[in-house]
Amino acid sequence: MSEQIRVRMAPSPTGHLHVGTARAALFNYLYARHYGATFILRLEDTDQERSRDEFAREIVEGLEWMGMRWDEGPYVEGGEWRSRGDFGPYLQSQRTETYRTYLERLLASGHAYWCYCTKEELEAERARQQEAKQAPRYAGTCRELSGPPEGKIAQVVRFKTPGGDVTFADVIRGEIKTDAALLDDFAIAKGLDVPLYNFAVVADDIEMQITHVIRGEDHISNTPKQLLIFAALGATPPRYAHLPLVLAADRTKLSKRTSETSLLAYRDQGFLPSALVNFFALLGWHPAGDREVLSPDELIAEFTIERVQKSGAVFDEAKLRHINREHIKLMDPRDLALALRPFFAGANLSDEVLERFAAAEQGRADTLAEMAAGAAWLTSYELPGADVLDRQGGARAHLEAAAAAAASGRLESWIAPYAEEHGKKEVYWPVRVALSGSEKSPDPVSLAAVLGPEESAARLAAAAQKLQ
RNA sequence: GGCCCUAUCGUCUAGCCCGGUCAGGACGUCGCCCUUUCACGGCGAAAACACGGGUUCGAAUCCCGUUGGGGCUACCA
(Lines give C-alpha, C1' and ligand atoms only; values in the text may rest on other atoms or scores of the structure.)
Protein backbone atom coordinates (compact mmCIF):
# COMPACT_ATOMS: atom_id res chain seq x y z
CA MET A 1 0.00 0.00 0.00
CA SER A 2 1.38 3.38 -0.96
CA GLU A 3 1.66 6.27 1.46
CA GLN A 4 -1.24 8.62 1.86
CA ILE A 5 -0.46 11.84 0.03
CA ARG A 6 -1.07 14.90 2.16
CA VAL A 7 -0.85 18.46 0.88
CA ARG A 8 -1.53 21.68 2.68
CA MET A 9 -2.42 25.26 2.03
CA ALA A 10 -0.88 27.52 4.63
CA PRO A 11 -1.95 31.14 4.23
CA SER A 12 -1.23 33.86 6.69
CA PRO A 13 -4.20 35.94 7.89
CA THR A 14 -2.36 39.23 7.63
CA GLY A 15 -4.40 40.76 4.84
CA HIS A 16 -7.27 40.21 2.47
CA LEU A 17 -7.39 36.85 0.71
CA HIS A 18 -5.00 37.49 -2.17
CA VAL A 19 -5.71 36.05 -5.60
CA GLY A 20 -2.18 34.61 -5.62
CA THR A 21 -2.95 32.78 -2.39
CA ALA A 22 -6.21 31.54 -3.84
CA ARG A 23 -4.45 30.26 -6.94
CA ALA A 24 -1.78 28.45 -4.93
CA ALA A 25 -4.57 26.91 -2.86
CA LEU A 26 -6.29 25.83 -6.04
CA PHE A 27 -3.22 24.01 -7.34
CA ASN A 28 -3.00 22.14 -4.05
CA TYR A 29 -6.70 21.35 -4.24
CA LEU A 30 -6.54 20.17 -7.85
CA TYR A 31 -3.50 18.06 -7.08
CA ALA A 32 -5.17 16.57 -4.01
CA ARG A 33 -8.40 15.73 -5.77
CA HIS A 34 -6.71 14.40 -8.88
CA TYR A 35 -4.50 12.04 -6.92
CA GLY A 36 -6.93 11.21 -4.15
CA ALA A 37 -4.85 13.00 -1.55
CA THR A 38 -5.75 14.74 1.70
CA PHE A 39 -6.06 18.51 1.43
CA ILE A 40 -5.30 20.46 4.58
CA LEU A 41 -5.78 24.09 5.53
CA ARG A 42 -3.44 25.52 8.13
CA LEU A 43 -3.55 29.13 9.25
CA GLU A 44 -0.10 30.56 9.82
CA ASP A 45 -0.83 33.23 12.36
CA THR A 46 2.40 33.26 14.32
CA ASP A 47 2.82 36.95 13.74
CA GLN A 48 0.58 38.27 16.51
CA GLU A 49 1.08 41.84 15.43
CA ARG A 50 -0.23 41.42 11.92
CA SER A 51 -2.61 38.48 12.12
CA ARG A 52 -6.27 39.34 12.43
CA ASP A 53 -9.32 37.17 12.98
CA GLU A 54 -11.30 38.96 10.27
CA PHE A 55 -8.65 38.07 7.70
CA ALA A 56 -8.71 34.44 8.82
CA ARG A 57 -12.46 34.42 8.32
CA GLU A 58 -12.08 35.99 4.91
CA ILE A 59 -9.64 33.30 3.85
CA VAL A 60 -12.01 30.55 4.90
CA GLU A 61 -14.95 32.31 3.26
CA GLY A 62 -13.09 32.89 0.01
CA LEU A 63 -11.70 29.39 -0.32
CA GLU A 64 -15.11 27.91 0.40
CA TRP A 65 -16.72 30.25 -2.10
CA MET A 66 -14.34 28.95 -4.74
CA GLY A 67 -15.64 25.49 -4.01
CA MET A 68 -12.52 24.08 -2.43
CA ARG A 69 -13.36 21.80 0.44
CA TRP A 70 -10.47 20.92 2.72
CA ASP A 71 -10.37 17.57 4.47
CA GLU A 72 -8.65 18.91 7.56
CA GLY A 73 -8.39 22.34 9.07
CA PRO A 74 -10.31 25.20 10.62
CA TYR A 75 -13.67 26.41 9.34
CA VAL A 76 -16.41 28.71 10.54
CA GLU A 77 -19.89 27.53 11.42
CA GLY A 78 -22.52 29.82 12.81
CA GLY A 79 -19.88 32.47 13.34
CA GLU A 80 -17.79 30.13 15.49
CA TRP A 81 -14.44 28.60 14.68
CA ARG A 82 -14.51 24.83 14.34
CA SER A 83 -11.97 22.31 13.21
CA ARG A 84 -11.95 18.95 11.48
CA GLY A 85 -9.09 16.47 11.17
CA ASP A 86 -6.87 14.48 13.52
CA PHE A 87 -3.73 16.57 13.32
CA GLY A 88 -5.00 19.80 14.83
CA PRO A 89 -5.05 22.38 16.05
CA TYR A 90 -4.61 23.89 12.62
CA LEU A 91 -3.95 27.42 13.80
CA GLN A 92 -0.29 27.98 14.53
CA SER A 93 -1.15 30.29 17.40
CA GLN A 94 -2.59 27.25 19.17
CA ARG A 95 0.42 25.02 18.63
CA THR A 96 2.99 26.60 20.92
CA GLU A 97 3.46 23.35 22.87
CA THR A 98 4.67 21.64 19.74
CA TYR A 99 7.05 24.42 18.81
CA ARG A 100 8.48 24.55 22.30
CA THR A 101 9.21 20.84 22.20
CA TYR A 102 10.95 21.03 18.84
CA LEU A 103 12.85 24.16 19.86
CA GLU A 104 14.15 22.50 23.00
CA ARG A 105 15.29 19.53 20.96
CA LEU A 106 17.17 21.78 18.56
CA LEU A 107 18.76 23.70 21.42
CA ALA A 108 19.71 20.50 23.25
CA SER A 109 21.25 18.89 20.20
CA GLY A 110 23.30 21.99 19.43
CA HIS A 111 21.51 22.73 16.16
CA ALA A 112 20.27 26.01 17.54
CA TYR A 113 21.48 28.58 20.03
CA TRP A 114 20.37 31.68 21.86
CA CYS A 115 21.43 34.98 20.42
CA TYR A 116 21.95 37.90 22.78
CA CYS A 117 22.44 40.62 20.22
CA THR A 118 19.84 43.35 20.37
CA LYS A 119 17.86 44.48 17.40
CA GLU A 120 19.70 47.79 17.50
CA GLU A 121 23.11 46.14 17.43
CA LEU A 122 22.06 43.98 14.52
CA GLU A 123 20.67 46.90 12.58
CA ALA A 124 23.81 48.92 13.10
CA GLU A 125 25.89 46.00 11.90
CA ARG A 126 23.72 45.56 8.84
CA ALA A 127 23.96 49.24 7.98
CA ARG A 128 27.73 49.06 8.29
CA GLN A 129 27.90 46.06 5.96
CA GLN A 130 25.70 47.71 3.42
CA GLU A 131 27.88 50.78 3.55
CA ALA A 132 30.90 48.62 2.80
CA LYS A 133 28.95 47.03 -0.07
CA GLN A 134 28.98 43.68 1.63
CA ALA A 135 26.13 41.22 1.71
CA PRO A 136 24.19 41.96 4.90
CA ARG A 137 24.34 38.98 7.19
CA TYR A 138 24.56 37.89 10.78
CA ALA A 139 28.16 37.89 12.00
CA GLY A 140 27.79 34.80 14.19
CA THR A 141 28.60 36.69 17.36
CA CYS A 142 26.69 34.40 19.71
CA ARG A 143 27.24 31.17 17.84
CA GLU A 144 29.80 29.61 20.15
CA LEU A 145 28.68 31.18 23.41
CA SER A 146 27.98 28.81 26.29
CA GLY A 147 26.05 31.29 28.38
CA PRO A 148 24.78 34.84 28.33
CA PRO A 149 27.43 37.56 28.18
CA GLU A 150 27.56 40.08 31.03
CA GLY A 151 24.42 42.14 31.25
CA LYS A 152 22.84 40.64 28.14
CA ILE A 153 19.56 38.86 27.88
CA ALA A 154 18.44 36.26 25.35
CA GLN A 155 16.80 37.78 22.28
CA VAL A 156 16.14 35.10 19.69
CA VAL A 157 16.92 31.49 18.91
CA ARG A 158 19.11 31.04 15.85
CA PHE A 159 19.61 27.98 13.74
CA LYS A 160 23.23 26.89 13.51
CA THR A 161 23.49 26.61 9.76
CA PRO A 162 26.05 23.99 8.74
CA GLY A 163 28.28 24.27 5.69
CA GLY A 164 27.97 22.35 2.45
CA ASP A 165 25.45 22.27 -0.34
CA VAL A 166 21.75 21.79 0.15
CA THR A 167 20.14 20.16 -2.84
CA PHE A 168 16.59 19.20 -3.57
CA ALA A 169 14.67 17.98 -6.59
CA ASP A 170 11.87 20.41 -7.27
CA VAL A 171 8.97 18.58 -8.88
CA ILE A 172 8.49 21.40 -11.38
CA ARG A 173 11.99 22.76 -11.85
CA GLY A 174 14.33 19.86 -11.29
CA GLU A 175 17.44 20.01 -9.13
CA ILE A 176 18.04 23.19 -7.17
CA LYS A 177 21.30 23.56 -5.32
CA THR A 178 22.20 26.11 -2.67
CA ASP A 179 25.47 26.76 -0.89
CA ALA A 180 24.52 26.69 2.78
CA ALA A 181 27.52 28.86 3.61
CA LEU A 182 25.58 31.69 2.00
CA LEU A 183 22.70 31.15 4.39
CA ASP A 184 22.74 33.04 7.63
CA ASP A 185 22.31 31.61 11.08
CA PHE A 186 18.73 32.71 10.65
CA ALA A 187 16.39 33.28 13.59
CA ILE A 188 13.84 30.55 14.15
CA ALA A 189 12.06 31.88 17.22
CA LYS A 190 11.77 35.00 19.32
CA GLY A 191 11.31 32.89 22.40
CA LEU A 192 10.34 29.35 23.30
CA ASP A 193 6.70 30.22 22.66
CA VAL A 194 7.17 32.55 19.74
CA PRO A 195 8.23 30.58 16.67
CA LEU A 196 9.17 32.19 13.39
CA TYR A 197 8.03 31.16 9.93
CA ASN A 198 10.73 28.81 8.63
CA PHE A 199 10.78 26.85 11.84
CA ALA A 200 7.04 26.72 12.48
CA VAL A 201 6.45 25.47 8.94
CA VAL A 202 8.86 22.59 9.39
CA ALA A 203 7.49 21.59 12.80
CA ASP A 204 3.98 21.58 11.39
CA ASP A 205 4.83 19.82 8.16
CA ILE A 206 6.42 17.07 10.24
CA GLU A 207 3.55 16.86 12.72
CA MET A 208 0.88 16.97 10.04
CA GLN A 209 2.75 14.41 7.94
CA ILE A 210 2.76 16.60 4.86
CA THR A 211 4.16 14.71 1.86
CA HIS A 212 4.06 17.38 -0.85
CA VAL A 213 4.49 21.11 -0.51
CA ILE A 214 3.04 23.04 -3.44
CA ARG A 215 3.63 26.76 -3.07
CA GLY A 216 4.76 29.88 -4.87
CA GLU A 217 8.17 30.37 -6.41
CA ASP A 218 8.85 33.11 -3.90
CA HIS A 219 9.44 30.32 -1.38
CA ILE A 220 12.30 28.68 -3.25
CA SER A 221 14.85 30.52 -1.17
CA ASN A 222 13.17 29.35 2.03
CA THR A 223 13.38 25.72 1.02
CA PRO A 224 17.05 25.08 1.81
CA LYS A 225 16.58 26.60 5.26
CA GLN A 226 13.62 24.36 5.91
CA LEU A 227 15.47 21.34 4.56
CA LEU A 228 18.28 22.02 7.00
CA ILE A 229 15.83 22.10 9.89
CA PHE A 230 14.27 18.81 8.78
CA ALA A 231 17.73 17.29 8.76
CA ALA A 232 18.59 18.69 12.20
CA LEU A 233 15.38 17.17 13.50
CA GLY A 234 16.12 13.87 11.82
CA ALA A 235 12.90 14.05 9.82
CA THR A 236 12.23 13.21 6.19
CA PRO A 237 11.22 16.33 4.27
CA PRO A 238 8.29 16.43 1.88
CA ARG A 239 8.64 16.81 -1.88
CA TYR A 240 8.55 20.41 -3.09
CA ALA A 241 6.86 21.88 -6.13
CA HIS A 242 7.32 25.60 -6.67
CA LEU A 243 4.66 27.27 -8.76
CA PRO A 244 5.40 30.12 -11.15
CA LEU A 245 4.30 33.48 -9.79
CA VAL A 246 1.21 35.38 -10.87
CA LEU A 247 2.40 38.65 -12.32
CA ALA A 248 0.85 42.07 -12.90
CA ALA A 249 0.78 43.48 -16.42
CA ASP A 250 4.21 45.04 -15.87
CA ARG A 251 5.56 41.57 -15.00
CA THR A 252 6.25 42.37 -11.38
CA LYS A 253 4.72 40.45 -8.51
CA LEU A 254 1.00 41.06 -8.27
CA SER A 255 0.25 43.76 -5.70
CA LYS A 256 -2.45 46.17 -4.67
CA ARG A 257 -0.38 48.83 -6.30
CA THR A 258 -0.90 47.53 -9.80
CA SER A 259 -4.03 45.44 -9.65
CA GLU A 260 -7.03 44.27 -7.69
CA THR A 261 -5.64 41.50 -5.55
CA SER A 262 -8.57 40.69 -3.29
CA LEU A 263 -10.36 37.52 -4.30
CA LEU A 264 -13.63 38.64 -2.77
CA ALA A 265 -13.52 41.83 -4.82
CA TYR A 266 -13.81 39.67 -7.92
CA ARG A 267 -16.76 37.86 -6.42
CA ASP A 268 -18.38 41.21 -5.71
CA GLN A 269 -17.81 42.31 -9.30
CA GLY A 270 -19.82 39.35 -10.48
CA PHE A 271 -17.24 36.77 -11.42
CA LEU A 272 -18.35 33.17 -11.02
CA PRO A 273 -16.33 30.90 -8.74
CA SER A 274 -16.08 28.29 -11.50
CA ALA A 275 -14.72 30.95 -13.87
CA LEU A 276 -12.13 32.12 -11.38
CA VAL A 277 -11.12 28.53 -10.76
CA ASN A 278 -10.84 27.95 -14.51
CA PHE A 279 -8.85 31.13 -15.03
CA PHE A 280 -6.50 30.53 -12.10
CA ALA A 281 -5.82 27.01 -13.30
CA LEU A 282 -4.76 28.41 -16.66
CA LEU A 283 -2.28 30.71 -14.97
CA GLY A 284 0.77 28.50 -15.14
CA TRP A 285 -0.90 25.31 -16.23
CA HIS A 286 -2.54 24.07 -19.40
CA PRO A 287 -4.55 20.96 -20.23
CA ALA A 288 -3.31 18.55 -22.85
CA GLY A 289 -5.80 19.49 -25.56
CA ASP A 290 -6.98 22.79 -26.99
CA ARG A 291 -9.98 23.17 -24.72
CA GLU A 292 -9.67 26.00 -22.24
CA VAL A 293 -13.16 26.42 -20.80
CA LEU A 294 -13.39 23.70 -18.19
CA SER A 295 -15.53 22.97 -15.17
CA PRO A 296 -13.92 22.32 -11.78
CA ASP A 297 -14.49 18.58 -12.20
CA GLU A 298 -12.90 18.58 -15.63
CA LEU A 299 -9.97 20.52 -14.21
CA ILE A 300 -9.50 17.92 -11.50
CA ALA A 301 -9.57 15.14 -14.07
CA GLU A 302 -7.09 16.88 -16.36
CA PHE A 303 -4.68 18.28 -13.80
CA THR A 304 -1.17 16.93 -13.58
CA ILE A 305 1.82 18.61 -11.98
CA GLU A 306 3.93 17.75 -15.02
CA ARG A 307 2.05 20.28 -17.10
CA VAL A 308 2.72 23.15 -14.72
CA GLN A 309 4.72 25.97 -16.26
CA LYS A 310 8.05 27.23 -15.00
CA SER A 311 7.88 30.93 -15.76
CA GLY A 312 5.61 33.60 -14.32
CA ALA A 313 2.15 34.23 -15.76
CA VAL A 314 0.57 37.64 -16.21
CA PHE A 315 -2.91 38.06 -14.75
CA ASP A 316 -4.90 39.15 -17.80
CA GLU A 317 -8.28 40.45 -16.78
CA ALA A 318 -9.54 40.44 -20.37
CA LYS A 319 -9.12 36.69 -20.46
CA LEU A 320 -10.77 36.31 -17.06
CA ARG A 321 -13.74 38.25 -18.38
CA HIS A 322 -13.97 36.04 -21.42
CA ILE A 323 -13.86 32.87 -19.36
CA ASN A 324 -16.46 34.30 -17.01
CA ARG A 325 -18.77 35.00 -19.92
CA GLU A 326 -18.34 31.45 -21.15
CA HIS A 327 -19.18 30.07 -17.75
CA ILE A 328 -22.25 32.30 -17.54
CA LYS A 329 -23.39 30.92 -20.90
CA LEU A 330 -22.99 27.38 -19.66
CA MET A 331 -25.12 27.91 -16.57
CA ASP A 332 -28.64 26.71 -16.11
CA PRO A 333 -30.89 29.83 -16.13
CA ARG A 334 -32.25 28.88 -12.73
CA ASP A 335 -28.79 28.78 -11.21
CA LEU A 336 -27.87 31.96 -13.03
CA ALA A 337 -30.92 33.69 -11.58
CA LEU A 338 -29.80 32.60 -8.12
CA ALA A 339 -26.31 33.96 -8.72
CA LEU A 340 -27.78 37.17 -10.09
CA ARG A 341 -30.01 37.80 -7.10
CA PRO A 342 -27.46 39.73 -4.99
CA PHE A 343 -26.90 42.07 -7.90
CA PHE A 344 -30.57 42.96 -7.98
CA ALA A 345 -30.78 43.64 -4.27
CA GLY A 346 -33.10 46.63 -4.43
CA ALA A 347 -35.11 45.62 -7.48
CA ASN A 348 -38.00 43.53 -6.16
CA LEU A 349 -38.14 41.06 -9.04
CA SER A 350 -39.91 37.74 -8.82
CA ASP A 351 -37.95 34.52 -9.27
CA GLU A 352 -39.80 33.89 -12.52
CA VAL A 353 -38.89 37.24 -14.03
CA LEU A 354 -35.29 36.98 -12.90
CA GLU A 355 -35.02 33.52 -14.41
CA ARG A 356 -36.47 34.67 -17.73
CA PHE A 357 -34.07 37.59 -17.61
CA ALA A 358 -31.16 35.24 -16.98
CA ALA A 359 -32.12 33.08 -19.92
CA ALA A 360 -32.51 36.07 -22.24
CA GLU A 361 -29.36 37.88 -21.19
CA GLN A 362 -26.95 34.95 -20.88
CA GLY A 363 -23.83 35.76 -22.84
CA ARG A 364 -24.57 39.43 -23.40
CA ALA A 365 -22.25 40.63 -20.64
CA ASP A 366 -19.01 39.47 -19.06
CA THR A 367 -19.98 39.67 -15.41
CA LEU A 368 -23.06 39.40 -13.24
CA ALA A 369 -22.68 43.02 -12.20
CA GLU A 370 -22.64 44.10 -15.82
CA MET A 371 -25.70 42.02 -16.57
CA ALA A 372 -27.49 43.82 -13.77
CA ALA A 373 -26.17 47.18 -14.90
CA GLY A 374 -27.57 46.50 -18.36
CA ALA A 375 -30.99 45.70 -16.96
CA ALA A 376 -32.28 49.24 -16.60
CA TRP A 377 -35.15 48.30 -18.92
CA LEU A 378 -36.24 45.81 -16.30
CA THR A 379 -35.60 47.69 -13.09
CA SER A 380 -35.90 51.38 -13.85
CA TYR A 381 -37.92 51.71 -17.04
CA GLU A 382 -38.68 55.13 -18.37
CA LEU A 383 -40.83 55.87 -21.37
CA PRO A 384 -38.57 57.32 -24.07
CA GLY A 385 -39.29 60.64 -25.75
CA ALA A 386 -41.36 60.89 -28.90
CA ASP A 387 -38.34 61.84 -31.00
CA VAL A 388 -36.53 58.64 -30.08
CA LEU A 389 -39.64 56.49 -30.52
CA ASP A 390 -40.62 57.74 -33.91
CA ARG A 391 -37.33 58.00 -35.65
CA GLN A 392 -38.50 56.31 -38.87
CA GLY A 393 -42.06 57.65 -38.97
CA GLY A 394 -45.42 55.93 -38.60
CA ALA A 395 -44.53 54.50 -35.23
CA ARG A 396 -47.85 55.13 -33.55
CA ALA A 397 -49.83 52.69 -35.66
CA HIS A 398 -47.15 50.04 -35.31
CA LEU A 399 -47.05 50.47 -31.55
CA GLU A 400 -50.78 50.17 -31.26
CA ALA A 401 -50.74 47.00 -33.30
CA ALA A 402 -47.86 45.70 -31.22
CA ALA A 403 -49.68 46.51 -27.98
CA ALA A 404 -52.66 44.50 -29.13
CA ALA A 405 -50.48 41.57 -30.15
CA ALA A 406 -48.54 41.72 -26.89
CA ALA A 407 -51.69 41.85 -24.80
CA SER A 408 -52.74 38.50 -26.19
CA GLY A 409 -49.22 37.12 -25.82
CA ARG A 410 -48.70 36.81 -29.54
CA LEU A 411 -45.96 39.40 -30.06
CA GLU A 412 -43.40 36.84 -31.10
CA SER A 413 -45.42 35.23 -33.90
CA TRP A 414 -46.97 38.52 -34.89
CA ILE A 415 -43.93 40.72 -35.36
CA ALA A 416 -42.02 39.01 -38.18
CA PRO A 417 -44.80 38.96 -40.79
CA TYR A 418 -46.00 42.38 -39.69
CA ALA A 419 -42.51 43.85 -40.06
CA GLU A 420 -42.15 42.13 -43.39
CA GLU A 421 -45.18 44.03 -44.58
CA HIS A 422 -44.51 47.44 -43.00
CA GLY A 423 -40.76 47.62 -43.05
CA LYS A 424 -38.34 46.05 -40.61
CA LYS A 425 -36.66 49.22 -39.40
CA GLU A 426 -39.99 51.02 -39.12
CA VAL A 427 -41.46 48.30 -36.93
CA TYR A 428 -38.62 46.82 -34.91
CA TRP A 429 -37.13 50.11 -33.79
CA PRO A 430 -40.14 51.70 -32.08
CA VAL A 431 -41.32 48.41 -30.60
CA ARG A 432 -37.95 47.65 -29.13
CA VAL A 433 -37.37 51.17 -27.88
CA ALA A 434 -40.83 51.34 -26.33
CA LEU A 435 -40.28 48.02 -24.61
CA SER A 436 -36.79 48.80 -23.34
CA GLY A 437 -36.81 52.54 -22.94
CA SER A 438 -33.38 52.52 -24.43
CA GLU A 439 -31.70 52.86 -27.79
CA LYS A 440 -29.54 49.84 -27.01
CA SER A 441 -31.11 46.65 -25.77
CA PRO A 442 -31.83 43.04 -26.62
CA ASP A 443 -34.35 42.38 -29.37
CA PRO A 444 -38.07 43.08 -28.73
CA VAL A 445 -39.09 39.42 -28.65
CA SER A 446 -36.60 38.66 -25.87
CA LEU A 447 -37.68 41.77 -24.04
CA ALA A 448 -41.36 40.83 -24.20
CA ALA A 449 -40.59 37.30 -23.10
CA VAL A 450 -39.02 38.59 -19.91
CA LEU A 451 -41.54 41.37 -19.29
CA GLY A 452 -44.60 39.22 -19.83
CA PRO A 453 -47.74 40.10 -21.86
CA GLU A 454 -49.21 42.54 -19.39
CA GLU A 455 -46.20 44.75 -18.85
CA SER A 456 -45.24 44.58 -22.53
CA ALA A 457 -48.67 45.69 -23.67
CA ALA A 458 -48.75 48.49 -21.11
CA ARG A 459 -45.41 49.88 -22.23
CA LEU A 460 -46.34 49.62 -25.89
CA ALA A 461 -49.71 51.30 -25.34
CA ALA A 462 -48.17 54.10 -23.30
CA ALA A 463 -45.66 54.72 -26.05
CA ALA A 464 -48.39 54.85 -28.69
CA GLN A 465 -50.25 57.29 -26.50
CA LYS A 466 -47.22 59.50 -26.25
CA LEU A 467 -47.14 59.87 -30.02
CA GLN A 468 -50.67 61.11 -30.16
C1' G B 1 25.39 44.04 -4.76
C1' G B 2 24.85 38.51 -3.55
C1' C B 3 22.01 34.03 -4.24
C1' C B 4 18.20 31.58 -6.88
C1' C B 5 14.43 30.96 -10.73
C1' U B 6 13.18 31.92 -15.73
C1' A B 7 12.95 32.99 -21.45
C1' U B 8 7.65 30.64 -28.11
C1' C B 9 2.72 36.03 -30.89
C1' G B 10 0.90 42.20 -26.76
C1' U B 11 -1.12 38.18 -22.98
C1' C B 12 -2.10 32.79 -21.46
C1' U B 13 0.07 28.83 -23.94
C1' A B 14 0.87 23.79 -27.55
C1' G B 15 5.25 21.89 -29.40
C1' C B 16 10.94 20.76 -26.15
C1' C B 17 12.15 15.19 -22.51
C1' C B 18 12.37 11.06 -27.75
C1' G B 19 15.89 17.12 -33.18
C1' G B 20 12.89 16.91 -39.52
C1' U B 21 4.93 19.67 -39.83
C1' C B 22 3.57 26.77 -43.73
C1' A B 23 5.59 26.91 -35.22
C1' G B 24 -0.90 25.10 -33.38
C1' G B 25 -4.93 27.02 -29.99
C1' A B 26 -7.17 30.83 -26.85
C1' C B 27 -7.69 36.09 -25.12
C1' G B 28 -7.09 40.84 -26.97
C1' U B 29 -6.66 43.83 -31.62
C1' C B 30 -8.20 44.71 -36.80
C1' G B 31 -11.40 43.48 -41.16
C1' C B 32 -15.70 41.19 -43.39
C1' C B 33 -20.50 38.73 -42.82
C1' C B 34 -25.10 38.25 -40.03
C1' U B 35 -28.54 42.01 -38.11
C1' U B 36 -34.33 46.11 -36.13
C1' U B 37 -30.17 48.86 -32.09
C1' C B 38 -26.34 47.05 -28.68
C1' A B 39 -24.46 42.57 -27.98
C1' C B 40 -24.05 37.24 -29.42
C1' G B 41 -22.50 34.42 -33.42
C1' G B 42 -19.77 33.06 -38.15
C1' C B 43 -15.47 33.80 -41.29
C1' G B 44 -10.73 35.90 -41.95
C1' A B 45 -6.09 38.83 -40.95
C1' A B 46 -1.85 40.80 -38.52
C1' A B 47 1.12 38.85 -34.55
C1' A B 48 6.32 34.77 -31.54
C1' C B 49 10.78 30.57 -31.18
C1' A B 50 15.48 37.04 -26.92
C1' C B 51 20.67 37.17 -28.97
C1' G B 52 25.45 34.75 -30.19
C1' G B 53 28.18 30.49 -30.70
C1' G B 54 28.45 25.39 -31.21
C1' U B 55 26.69 19.77 -32.14
C1' U B 56 24.00 17.90 -36.59
C1' C B 57 22.51 16.62 -43.35
C1' G B 58 18.82 19.29 -40.38
C1' A B 59 17.84 23.02 -33.96
C1' A B 60 12.07 26.35 -31.07
C1' U B 61 13.68 21.38 -29.54
C1' C B 62 20.55 19.15 -27.42
C1' C B 63 25.21 21.98 -25.25
C1' C B 64 27.80 26.67 -23.89
C1' G B 65 27.73 31.83 -23.35
C1' U B 66 25.37 36.71 -23.44
C1' U B 67 21.32 39.67 -22.54
C1' G B 68 16.55 40.51 -20.65
C1' G B 69 12.76 39.60 -16.87
C1' G B 70 11.43 38.03 -12.03
C1' G B 71 11.95 36.37 -6.89
C1' C B 72 14.58 36.27 -2.25
C1' U B 73 17.97 38.71 0.63
C1' A B 74 13.87 40.48 8.66
C1' C B 75 13.49 39.29 15.64
C1' C B 76 7.16 39.08 8.18
C1' A B 77 5.03 35.00 6.08
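These numbers come from the heavy atoms of this one structure, side chains and all, not from hydrogens, waters or symmetry mates. Residue numbers begin at 1 in each chain, while the letters A, B, ... track the order of the sequences.
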Open item on the list: Please tell me whether A/Phe357 and A/Phe344 form a close aromatic pair, meaning their ring centres lie under 6.0 Å apart.
Closed with: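 Distance test on ring centres: under 6.0 Å, yes.
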
Close aromatic pair by centroid cut-off 6.0 Å: A/Tyr197 and A/His219
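Ring centroids of A/Tyr197 and A/His219 are less than 6.0 Å from each other.
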
Give a yes or no on whether the backbone of A/Pro89 and the side-chain of A/Arg95 come within a donor-acceptor separation of less than 3.5 Å.
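Side chain of A/Arg95 to backbone of A/Pro89: a pair is present.
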
Discussion item. When you measure from the side chain of A/Asn28 to the backbone of A/Val7, do you find a donor-acceptor pair of N or O atoms at a distance under 3.5 Å?
Written reply: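 Pair absent, no side-chain N/O of A/Asn28 close to backbone of A/Val7.
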
Work out how far the [atom1] atom of [N] is from that of [M], and round it to whole angstrom.
| N | M | atom1 | answer |
| --- | --- | --- | --- |
| B/rU6 | B/rA47 | C1' | 23 Å |
| B/rG71 | B/rC18 | P | 33 Å |
| B/rU29 | B/rG70 | P | 27 Å |
| B/rG28 | B/rU13 | C1' | 14 Å |
| B/rG52 | B/rC57 | C1' | 23 Å |
| B/rA46 | B/rG25 | P | 12 Å |
| B/rG58 | B/rU21 | P | 14 Å |
| B/rA7 | B/rC64 | P | 14 Å |

Searching all strands shown, indicate the nucleotide that pairs with [N] (Watson-Crick or G-U wobble; both distances under 3.5 Å).
| N | result |
| --- | --- |
| B/rU56 | none |
| B/rG68 | B/rU6 |
| B/rU11 | B/rA26 |
| B/rG1 | B/rU73 |
| B/rA46 | none |
| B/rU36 | none |

Reading RNA chain B from 5' onward, which residue's closest nucleotide shows up sooner: A/Arg432 or A/Leu182?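 With A/Arg432 and A/Leu182 compared, the 5'-side residue is A/Leu182.
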
Using heavy atoms to find the nearest nucleotide of RNA chain B for A/Leu196 and A/Thr178 separately, return the residue whose nucleotide is more 5′.
->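 First, find each residue's nearest nucleotide; the 5'-ward one identifies A/Thr178.
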
inquiry  = Can you confirm whether more than 12 heavy atoms, excluding those of A/Glu412, are under 6.0 Å from its CD atom?
reply    =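 Not buried by this count: 12 neighbours or fewer within 6.0 Å.
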
**Prompt:** Any Lys/Arg nitrogen of A/Arg291 or A/Glu302 sitting under 4.0 Å from an Asp/Glu carboxylate oxygen of the other?
**Reply:**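 No, A/Arg291 and A/Glu302 are not salt-bridged.
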
With a non-hydrogen cut-off below 4.0 angstrom, is [X] in contact with a base, only sugar-phosphate, or nothing?
| X | value |
| --- | --- |
| A/Glu426 | nothing |
| A/Arg307 | sugar-phosphate |
| A/Asp179 | nothing |
| A/Arg325 | sugar-phosphate |
| A/Glu44 | sugar-phosphate |
| A/Val156 | base |
| A/Thr252 | sugar-phosphate |
| A/Lys119 | base |
| A/Arg50 | base |
| A/Pro224 | nothing |
| A/Gly289 | nothing |
| A/Thr46 | sugar-phosphate |
| A/Ser441 | base |
| A/Pro442 | base |

Partner set under side-chain contact (heavy atoms from CB on, under 4.5 Å) for A/Ala369, not counting sequence neighbours:
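Only A/Phe343, A/Thr367 meet the side-chain contact (heavy atoms from CB on, under 4.5 Å) criterion with A/Ala369.
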
**Prompt:** Given side chains that start at C-beta, do those of A/Leu299 and A/Trp285 come closer than 4.5 Å, heavy atoms only?
**Reply:**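 A/Leu299 vs A/Trp285: side chains touch.
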
Quiz prompt | chain A contact limits on RNA chain B, taken 5' to 3' with a cut-off of 4.0 angstrom to heavy atoms | solution =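 Counting from the 5' end, contacts occupy B/rG1 to B/rA77.
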
Assign the ring pair A/His212 / A/Tyr31 to parallel, tilted or perpendicular, where the plane angle (0 to 90°) is split at 30° and 60°.
->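 Because their plane-to-plane angle lies in the 30° to 60° range, the rings of A/His212 and A/Tyr31 count as tilted.
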
| query | According to the interplanar angle, ranging from 0 to 90°, do the rings of A/Tyr266 and A/Phe315 count as parallel (below 30°), tilted (30 to 60°) or perpendicular (above 60°)? | reply |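 Tilted, since the angle between the ring planes falls between 30° and 60°.
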
What's the base orientation of B/rC62: syn (chi within 90° of 0) or anti?
->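 Anti, since the glycosidic angle lies more than 90° from 0.
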
